[in-house]
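Both counts, for ligands and for their atoms, begin at 1 and track the order of listing.
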Amino acid sequence: MNNSAPEIGSPARTNAILTRYRLVAKKSLGQNFLSDLNILRNIVNAAEVTEDDNVIEIGPGIGALTEQIAKRARKVVAFEIDENLLPVLDETLADYDNVKIINQDILKANLAEVIHEEFEPGHPVKLVANLPYYITTPILMGVLQSGVAFDEIVVMMQKEVADRLVAEPGTKAYGSLSVVMQYKAHVAVAFEVPRTAFIPQPNVDSAIIRLTPREPLPVKPYEEEALFKFVKGCFIHRRKTLWNNLQGLFGKQPEVRERLESVLDTVGVSRQLRPERLTLINFIELTNAFHNEGLM
Ligand code: SAM
């Protein structure tokens with residue numbers, strides 16, 4: 001390994017690696033390589049990675065972000081689905097003995113098991129990644145439902161999706177993804193990244209999202225899955241009123257409508273509201289009330 005080589009995430013080195021391995025970025029796997037050392041370092045800064053931390057990465061690509069994490073962390077375990085990138089990573093990360101690459105689809109990985117096998121206990125576990133954008137939502141849902149209590153999650157995604165994750169009630173971007181994510185974690189945008197920072201350039205801008213454990217909610221749903229299903233159901237027709245959506249979900253029979261009305265009265269939510277006006281607490285209270293009413 002040439003120790004004097006520029007870091008992987010510099011444009012010159014990225015281009016050299018792509019040329020040397022005759023790599024053509026696979027659109028189908030969301031391969032856009034981040035090629036800006038300041039941004040790469042700022043992602044690691046946003047996660048406050050220290051030498052005490054164990055880090056999971058998703059989609060190391062040619063190793064640009066992996067290298068910046070490896071310089072700071074105790075150990076990095078990175079999941080890469082594309083086996084053509086394995087020999088590349090072998091070479092680009094040869095100087096780092098605290099990196100392990102797992103050639104697996106992250107959606108099929110058992111994160112809890114890998115963490116148990118690969119990381120010494122007693123150290124913070126963080127997730128830092130430039131996500132493959134075509135599966136951002138399933139990855140985040142999988143991570144949040146993996147049972148792993150990550151101390152910090154810092155991930156890059158398409159800006160439009162990031163906007164939806166942090167959206168407040170009453171805004172255009174607010175929808176089921178906002179409610180479900182905000183139920184699971186405290187969500188904030190760390191900073192935005194222009195499309196020009198990638199090779200090849202994607203057609204969208206990006207943003208870094210930081211997910212941290214959220215403060216406990218004043219009410220809990222009787223069942224998480226029921227809450228998620230209900231929230232998704234309420235946004236099926238987001239331009240219609242809540243009342244219309246509820247009748248679509250539960251039925252229009254007079255006796256059902258009567259019970260729906262009684263639940264809305266109890267919870268104190270107006271029939272005429274659009275679903276985008278409801279807060280997370282409204283959704284939880286409605287889920288519990290419909291359950292108590294025997295409607296779900
Ligand atoms: N981390 C690199 C960077 O910042 O330049 C590459 C990020 S690129 C946006 C996404 C990476 O995720 C690619 O390397 C791609 O091959 C990988 N990938 C795509 N689908 C995946 C999956 N299901 N499981 C694991 N890795 C995946």
Engineer: Please list the nearest protein heavy atom to atom 3 (C) of ligand 1 with its residue and the distance rounded to 0.1 Å.
Structural biologist: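 The closest heavy atom on the protein side is N130 ND2, 3.4 Å.
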Engineer: Please find out if less than 6.0 Å separates the ring center of F198 from that of F33.
Structural biologist: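 They do not qualify: ring centres at least 6.0 Å apart.
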Engineer: Could you tell me whether N32 approaches ligand 1 through its side chain, its backbone, both or neither, with non-hydrogen atoms closer than 4.0 Å?
Structural biologist: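 Under 4.0 Å from ligand 1, N32 contributes backbone atoms alone.
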Engineer: Tell me which part of Y134 gets within contact of ligand 1: side chain, backbone, both or neither, using heavy atoms under 4.0 Å.
Structural biologist: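 Within the 4.0 Å criterion, Y134 contacts ligand 1 through side-chain atoms alone.
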Engineer: Using a strict cut-off of 4.0 Å, indicate which atoms of ligand 1 neighbour a heavy atom of Q104.
Structural biologist: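 Those qualifying, in numeric order: 24 (N), 25 (C).
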Engineer: Strictly by modelled atom types, are N103 and E80 linked by a side-chain donor-acceptor pair under 3.5 Å?
Structural biologist: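 Side chains of N103 and E80: no pair found under 3.5 Å.
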Engineer: Can you figure out which of I81, I39, L40 has its heavy atom closest to atom 26 (N) of ligand 1?
Structural biologist: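 Shortest heavy-atom distance from atom 26 (N) of ligand 1: I81.
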Engineer: So, taking the atom named CG in L217 and the one named CD1 in I281, what distance separates them when rounded to the nearest 0.5 Å?
Structural biologist: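 Separation between the atoms: 5.0 Å.
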Engineer: For Y183 and F283, I'd like to know if the aromatic rings sit close, meaning centre-to-centre distance below 6.0 Å.
Structural biologist: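 Not under 6.0 Å, so no.
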Engineer: For atom 24 (N) of ligand 1, grab the closest protein heavy atom and report residue, atom and distance to one decimal in Å.
Structural biologist: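 Among all protein heavy atoms, the one nearest atom 24 (N) of ligand 1 is I106 N, 3.0 Å.
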Engineer: Please confirm whether G61 comes within less than 3.5 Å of ligand 1 when only nitrogen or oxygen atoms on both sides are compared.
Structural biologist: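 Yes.
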Engineer: To the nearest 0.1 Å, how far is atom 23 (N) of ligand 1 from its closest protein heavy atom, and which atom is that?
Structural biologist: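 Minimum-distance protein heavy atom for atom 23 (N) of ligand 1 reads D105 OD1, 2.8 Å.
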Engineer: Would you indicate whether the side-chain heavy atoms of E223 and L227 approach each other to under 4.5 Å?
Structural biologist: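 No, side chains not in contact.
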Engineer: Counting non-hydrogen protein atoms only, what is the nearest one to atom 19 (C) of ligand 1? Give residue, atom name and distance.
Structural biologist: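 Ranking protein heavy atoms by distance from atom 19 (C) of ligand 1, first comes L29 O, 3.1 Å.
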Engineer: Find all atoms of ligand 1 within a distance of less than 4.0 Å from any non-hydrogen atom belonging to F79, and give their numbers and elements.
Structural biologist: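 Under 4.0 Å from F79, ligand 1 has these atoms: 25 (C), 26 (N).
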Engineer: I need the nearest protein heavy-atom contact for atom 1 (N) of ligand 1: residue, atom name and distance, please.
Structural biologist: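 Here the nearest protein heavy atom works out to G59 O, 2.7 Å.
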Engineer: Tell me yes or no: between the side chains of Q158 and E160, is some donor less than 3.5 Å from an acceptor?
Structural biologist: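 Yes, because at least one side-chain N or O of Q158 sits under 3.5 Å from a partner of the opposite role on E160.
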Engineer: Fit a plane to each ring of F235 and Y174, take the angle between them on a 0 to 90° scale, and name the class: parallel (under 30°), tilted (30 to 60°) or perpendicular (over 60°).
Structural biologist: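 Correct class here is perpendicular.
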Engineer: Only heavy atoms of L131, strictly under 4.0 Å: list the atoms of ligand 1 that pass.
Structural biologist: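 Counting atoms of ligand 1 from 1, those under 4.0 Å from L131 are 9 (C).
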Engineer: Applying a 4.0 Å heavy-atom criterion (strictly less than), which segment of I135 is in contact with ligand 1: side chain, backbone, both, or neither?
Structural biologist: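 Under 4.0 Å from ligand 1, I135 contributes side-chain atoms alone.
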Engineer: Indicate whether any N or O donor in one side chain lies under 3.5 Å from an N or O acceptor in the other, for N45 and R72.
Structural biologist: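 Yes.
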Engineer: Go through the side-chain N and O atoms of H123 and D52 and say whether any donor and acceptor fall under 3.5 Å apart.
Structural biologist: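 On atom types as modelled, these side chains qualify, holding a pair under 3.5 Å.
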Engineer: Select the closest option to atom 14 (O) of ligand 1 among E80, M157, E57, Q31, judged by heavy-atom distance.
Structural biologist: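 Closest candidate by heavy-atom distance is E80.
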Engineer: Looking only at N/O atoms, are G30 and ligand 1 under 3.5 Å apart anywhere?
Structural biologist: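 There is no such contact.
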Engineer: Does ligand 1 have a heavy atom under 4.0 Å from the side chain of A129, from its backbone, from both, or from neither?
Structural biologist: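 Under 4.0 Å from ligand 1, A129 contributes no heavy atoms.
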Engineer: From the options I102, L34, T14, select the one whose nearest heavy atom is closest to atom 5 (O) of ligand 1.
Structural biologist: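 Looking at heavy atoms only, the winner is L34.
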Engineer: Is there a chain of hydrophobic side chains (I, L, V, M, F, W, Y, each step under 4.5 Å between heavy atoms) that links V219 to M181?
Structural biologist: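 Yes; M181 is reachable from V219 via cluster members.
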Engineer: Any atom of ligand 1 sitting under 4.0 Å from a heavy atom of K108?
Structural biologist: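 K108: no contact with ligand 1 (<4.0 Å).
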Engineer: Taking side chain as C-beta onward, heavy atoms only, is V99 less than 4.5 Å from I101?
Structural biologist: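 Yes, side chains in contact.
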